[in-house]
Amino acid sequence: MTQLEKGGPSLPQERKIVTAIPGPRSQEIEERRKKAVAPGVASGMPAYVVAAGGGILKDADGNQIVDLGSGIAVTTVGNSNERVVAHAKEQLDAFTHTCFMVNPYESYIEVAEALNRLTPGDHEKRTVLLNSGAEAVENAVKIARVHTKRNAVVVFDHAYHGRTNLTMAMTSKVAPYKKGFGPFAGEVYRAPMSYPYRDDAAAGTKVSGEDAAQRVISMIDKQVGADDVAAIVIEPIQGEGGFIVPADGFLPAIVEYARENGIVFVADEVQAGFARTGRMFASEHEDIVPDIVTTAKGIAGGLPLAAVTGRAEIMDAVGGGGLGGTYGGNPAAVAAALGALESYEQDGLVERAVEIGEILVRRIEALQAKHPEIGDVRGRGAMQAIELVQRDSIDPHPGLAKAIADHAAANAVLVLVTGTFGNVLRFLPPLSISDELLNEAFDVLEEGFANALA
Ligand SMILES: *Cc1c(COP(=O)(O)O)cnc(C)c1O
């Protein structure tokens, strides 16, 4: 039987190093894993978790690791959040599954109503629940195609939309996500993203959001044809691409172009959604109202759930039986989502994300003042990243990102590396983390930079 301990908000909030990380117990499990688990699924930090809560992950050797990743922006409300656990437990004791397509249950409707209310825009909306972010993106494309009776889908450089066949085609980075897995779905066209740090450096001047949008519009008009485009799908802040925040005005210009041309504008808020950026949804920072919003990750405090929420007239285009899946909107996941949504709205988490963002930016900027290898600092709220470059250039420095993440891991701080060039450190702490832990984690990172660049 697997060793587990009590996690959630009562887990002591201190960083603790008991053994080397990973310790002997984790290494023992890791050996079994090698014989049992397909190697295609890799783990960044092979410290096996037995409990988590607040800002701490506790491993099988008793080490307590500061969590700056939230299971990739999932446990935003905190691991084993009280509200999430209470709702899910109550549901598990009542029934575990019926399949919503066979016998429905009210809690699914409650989640749909909440998403229709919380996503940007006060127009009439409908929601369908699914299992994963990739599935949400696939369904958004299906719905947009039926509604528009068009085929083409426009996506962006550095985009990440998932690992299913269609979403691999939509994802930009080849290794490790796509290499050898083709052939990929057709009718997917890639447009240039607004990437202020690299755009401005290449142009030798500031590239406006409107100018960056014009590159996209011109690409669509010349290479695809606006009246063949069903959907433009974009992350309002790119996640796996390296927390790229497009220049001001870029997203509104694309939304306007989509509207003028009958194209469905899909905001993939799977990573940036749910309080993470200091707004309930990242689209709100630019006051854009997407036609469809895809969500997952932060939606249910760790249980697998995803959603497509869109304008009623678009969502209503698909007739009965066209959407669904055996587990989509599973009762336990839906109950957990009701707990998580309650937490976002009632525990002041949007405001907390703003505060955490201020601490992150203050600490990162202090580092940047010392280390010119920190080429760019970007993000919003509790979704911040630093892009590392070679001294006196903008050439990516993936080795430095790895060295810092390794130093952090050895000192019980979990930091995720990402970006097209593997040179971005990204910070996605749970919003349940304390200021003290966050600052302590940055003391470790500061040490990491000093060591790596000594
Ligand atoms: C993670 C992610 C996905 C895929 O979600 P899965 O649940 O892993 O399928 C899609 N879009 C974005 C923006 C993501 O960050």
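Each ligand, and each atom within it, is numbered from 1 in the order the structure gives. Everything numeric in this text was worked out from a predicted model, so none of it was measured.
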Open item on the list: Using a 4.0 Å heavy-atom cut-off, which part of Glu135 comes near ligand 1: side chain, backbone, both, or neither?
Closed with: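 Neither; no heavy atom under 4.0 Å.
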TODO: For ligand 1, note which part of Ala134 has a heavy atom under 4.0 Å away: side chain, backbone, both or neither.
DONE: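 Both the backbone and the side chain of Ala134 come within reach of ligand 1.
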Task: Heavy-atom gap Gly239 to ligand 1 smaller than 4.0 Å - done: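 False for this residue.
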Open item on the list: With the threshold set at under 4.0 angstrom, would you say Lys297 reaches ligand 1 through any of its heavy atoms?
Closed with: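 Lys297: in contact with ligand 1 (<4.0 Å).
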TODO: For side-chain contact (heavy atoms from CB on, under 4.5 Å), just list the numbers for Val207 and Tyr195, CA-CA rounded to whole Å, side-chain angles, deciding distance to a tenth of an Å, and then say yes or no.
DONE: CA-CA 9 Å; Val207 177; Tyr195 190 158; over 6 Å; no
Between [X] and [Y], is there a side-chain N and carboxylate O pair less than 4.0 Å apart?
X: Lys297; Y: Glu269; value: no
X: Asp199; Y: Arg215; value: yes
X: Arg259; Y: Asp291; value: yes

- [ ] Decide yes or no on ring pair (Phe, Tyr, Trp, His ring centres under 6.0 Å) for His97 and Tyr327, but give the supporting numbers first.
- [x] CA-CA 8 Å; His97 176 81; Tyr327 293 113; 5.7 Å; yes
TODO: List every atom of ligand 1 that sits less than 4.0 Å from any heavy atom of Glu235, numbering the atoms from 1 in the order shown and giving each element.
DONE: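 It comes down to these atoms of ligand 1: 13 (C).
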- [ ] Give the numbers and elements of all ligand 1 atoms closer than 4.0 Å to a heavy atom of Gly133.
- [x]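 Numbered from 1, ligand 1 contributes 4 (C), 5 (O), 6 (P), 7 (O), 9 (O).
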TODO: Counting heavy atoms only, name the option from Asp268, Asn131, Leu305 that's nearest to atom 11 (N) of ligand 1.
DONE: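 Nearest heavy atom to atom 11 (N) of ligand 1 lies in Asp268.
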- [ ] Quick one: pull up OG in Ser70 and CG in Leu431 and give me the separation to the nearest 0.5 Å.
- [x]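 These two atoms lie 7.0 Å from each other.
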Open item on the list: Quiz question for you: does at least one protein heavy atom lie closer than 4.0 Å to atom 8 (O) of ligand 1?
Closed with: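 Protein heavy atom within 4.0 Å of atom 8 (O) of ligand 1: absent.
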